[in-house]
Amino acid sequence: MCEGHVCGAIRDVVDKKAKIQASHAKGTAEILMDGIPDVARIKAAVNATGYKVTDVCVEPYEKKGRFGR
């Protein structure tokens, strides 16, 4: 298994326009999307890949200015 499997599993249950990044080294997966995610479906999808969801944090995305100010 790899980051691609986790991202693919998440992509199957969230909005197709969502940006998904996973890192094996960090042990994280990040999802940027419009709306509120269905955490239960995401957990089930990730757990089905053999990885385990240990924590979920949902917070609004605040876009920074052009130069990150």
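Just the heavy atoms: all of them, side chains too, but no hydrogens, waters or symmetry mates, feed the values below.
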Asks: More than 12 heavy atoms of other residues, nucleotides or ligands under 6.0 Å from NZ of Lys52: is that the case?
Replies: no
Asks: Check residues 6-14 and write down every donor-acceptor pair under 3.5 Å in which the side-chain atom is one partner and the other belongs to a residue at least two apart or another chain.
Replies:
none

Asks: Partners of Val53 by side chain to side chain contact (heavy atoms under 4.5 Å, CB included), sequence neighbours excluded?
Replies: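 With neighbours one apart ignored, the set is Lys43, Val46, Asn47, Val56.
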Asks: Donor-acceptor pairs under 3.5 angstrom involving side-chain atoms of residues 23-41: please list them, not counting sequence neighbours.
Replies:
| from | atom 1 | to | atom 2 | distance (Å) |
| --- | --- | --- | --- | --- |
| Ser23 | OG | Lys26 | N | 3.1 |
| Asp38 | OD1 | Ala40 | N | 3.4 |
| Asp38 | OD1 | Arg41 | N | 3.4 |

